[in-house]
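Written out below as structure tokens is the structure these notes cover.
For clarity, every value in this text was computed on a predicted model and none was experimentally measured.
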Amino acid sequence: MDAVNRLGEESPVVIFSKSNCCMSHSIETLIRNFGANPTVYKLDELPKGKKMEKALIEMGCNPSTPAIFIGKEFVGGSDEVMSLNVKGKLKELLINANAIWI
């Protein structure tokens, strides 16, 4: 779990995803449409991806991908990010994390 948290704190927006996960792609696209440039870790392409996936599940992310960190904080999965977007709070979070400037 430490590795996941450490990677999640490396940039303003971090997405843990899988190559074949359509929701991961959708969340990445949503965040990019705000003008942010997230760091994306594709778990199925990383040597320790299975361990990271297990850690994400332990953190409460079920399914394990996508898992999103914004501003060094674990936000959650696609449901949480979509909810933030619907409430108009995702943009504010991205601004506060210095992921976008508006």
Side-chain angles (χ1 to χ4, degrees):
M1 198 158 18
D2 290 339
V4 169
N5 284 322
R6 193 169 47 254
L7 291 173
E9 294 174 354
E10 285 186 351
S11 70
V13 180
V14 176
I15 301 172
F16 290 93
S17 70
K18 287 185 181 175
S19 301
N20 62 353
C21 177
C22 63
M23 285 310 297
S24 294
H25 176 73
S26 297
I27 294 299
E28 182 180 344
T29 301
L30 172 66
I31 289 173
R32 286 188 188 280
N33 283 340
F34 279 102
N37 188 24
T39 299
V40 179
Y41 294 102
K42 295 190 185 283
L43 299 178
D44 55 332
E45 297 176 0
L46 297 173
K48 295 184 179 182
K50 286 282 185 197
K51 275 187 174 180
M52 290 180 174
E53 184 173 5
K54 195 174 192 179
L56 290 167
I57 291 170
E58 288 173 9
M59 292 172 70
C61 214
N62 189 15
S64 60
T65 59
I68 302 94
F69 284 76
I70 300 176
K72 301 182 182 187
E73 296 292 325
F74 178 61
V75 174
S78 56
D79 289 348
E80 290 80 10
V81 171
M82 294 303 287
S83 178
L84 287 168
N85 187 47
V86 168
K87 294 176 184 175
K89 295 182 178 182
L90 181 58
K91 182 177 180 180
E92 181 183 328
L93 227 84
L94 294 170
I95 292 170
N96 291 339
N98 291 321
I100 59 174
W101 300 268
I102 295 185

Residue that, paired with P38, satisfies side-chain contact (heavy atoms from CB on, under 4.5 Å) out of L94, V14, I31: I31

Reported NZ-to-CG distance for the pair K48 and L43, which is rounded to 0.5 angstrom: 13.5 Å

Side chain proximity check, L93 to F34, heavy atoms < 4.5 angstrom: no

Close side-chain approach of M59 to L56, heavy-atom, < 4.5 Å: yes

Closest heavy-atom pair and its distance - K72, E9: CE-O, 3.5 Å

Check: S26 side chain, C22 main-chain N or O, donor-acceptor pair, under 3.5 Å: yes

Short side-chain to backbone donor-acceptor contact, E80 and G77, under 3.5 Å: yes

Single-linkage hydrophobic cluster I70~M82, side-chain heavy atoms < 4.5 angstrom: yes

Rounded distance (nearest 0.5 Å) linking atom CG of N5 with atom CD of E10: 11.5 Å

Separation of N20 CG from D44 CG (nearest 0.5 Å): 6.0 Å

Separation between CD1 of I27 and CE of M23, rounded to the nearest 0.5 Å: 5.0 Å

Minimum-distance pair of heavy atoms, taken over all atoms of S24 and T65: OG-CB, 3.8 Å

Distance in Å, I68 CD1 paired with C61 SG, rounded so as to fall on 0.5 Å steps: 6.5 Å

Main-chain N/O of V13 paired to S11 side chain as donor or acceptor, under 3.5 Å: yes

Min side-chain heavy-atom separation L46-M52 under 4.5 Å: yes

Selection residues 23-43 - residue pairs positive for salt bridge (charged side-chain N to carboxylate O under 4.0 Å, His left out), sequence neighbours left out: E28-R32

Approximate separation, where rounding is to 0.5 Å, of L90 CG and I95 CD1: 10.0 Å

Any pair counted as ring-ring contact (aromatic ring centres under 6.0 Å, His included), so long as it reaches residues 71-95, sequence neighbours left out: F69-F74

Any K50 side-chain heavy atom under 4.5 Å of K54 side chain: no

Minimum heavy-atom distance V4-A55, with the two atoms named: CG2-CB, 3.8 Å

